[in-house]
A.B. asks: 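My structure is below; once you've seen it, I'll send some questions.
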Amino acid sequence: MREGGAILVSMEEESKETETASSTQAKEPDTGKPGGTSRSAGALRVLKKLRVPLIFLGALIVGLWIGYSGIGGQPTLDIFRISTWKHLFDLVFAD
């Protein structure tokens with residue numbers, strides 16, 4: 001039992017040493033651009049802003065596919081044709 005406790009203590013000491021070693025490492029040098037942002041950081045910022053709209057668009061396409069093709073039995077590519085949506089509009093808003 002004593003050996004297990006010694007192993008646990010040594011593992012805790014080892015994890016503390018790695019934490020202090022990683023916190024004392026030098027940080028990356030500045031890119032020299034104003035604000036310190038790089039091209040990849042700008043692209044990442046754009047992707048973060050577009051994440052929710054892209055998820056909504058993907059959910060819309062999957063929902064259309066399931067409803068129109070899966071349940072309705074129609075050809076899959078018809079969900080992308082404007083004539084399909086004109087026909088649907090005419091059915092919904094017919095006089």
A.B. asks: Say whether V62 and F56 are linked into one hydrophobic cluster, either directly or through other cluster members, by side-chain heavy-atom distances under 4.5 angstrom.
C.D. replies: no

A.B. asks: In the structure I gave you, are the side-chain heavy atoms of I55 and R51 within less than 4.5 Å of one another anywhere?
C.D. replies: yes

A.B. asks: Does any N or O in the side chain of T84 come within less than 3.5 Å of the main-chain N or O of D78, such that one atom is a donor and the other an acceptor?
C.D. replies: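 Flag set: sc T84 to bb D78 pair under 3.5 Å.
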
A.B. asks: Before giving the answer on side-chain contact (heavy atoms from CB on, under 4.5 Å), spell out for F80 and I61 the whole-Å C-alpha distance, their side-chain angles and the decisive distance to 0.1 Å.
C.D. replies: CA-CA 9 Å; F80 298 112; I61 291 171; 4.2 Å; yes

A.B. asks: Quick check: does any side chain N or O of W85 sit under 3.5 Å from a backbone N or O of I79, one acting as donor and the other as acceptor?
C.D. replies: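 The answer is yes, because a donor-acceptor pair under 3.5 Å joins these two groups.
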
A.B. asks: Is there a path of hydrophobic side-chain contacts, each under 4.5 Å between heavy atoms of I/L/V/M/F/W/Y residues, joining L91 to I71?
C.D. replies: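 In one cluster: no.
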
A.B. asks: Measure the CZ-CG distance between F93 and L88 for me, rounded to the nearest 0.5 Å.
C.D. replies: 9.0 Å

A.B. asks: If hydrophobic clusters are built by linking Ile, Leu, Val, Met, Phe, Trp and Tyr wherever their side-chain heavy atoms come under 4.5 Å apart, do L60 and V92 end up in the same one?
C.D. replies: yes

A.B. asks: Can you hop from I82 to Y68 via hydrophobic side chains spaced under 4.5 Å?
C.D. replies: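 Not linked; separate clusters.
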
A.B. asks: If hydrophobic residues (ILVMFWY) are linked whenever their side-chain heavy atoms come closer than 4.5 Å, directly or via other members, who joins V46 in its cluster?
C.D. replies: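 Noted: V46 shares its cluster with L50, L54.
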
A.B. asks: My understanding is that only residues two or more places apart in sequence, or in another chain, count here; which of them pass side chain to side chain donor-acceptor pair (under 3.5 Å) with S40?
C.D. replies: S38

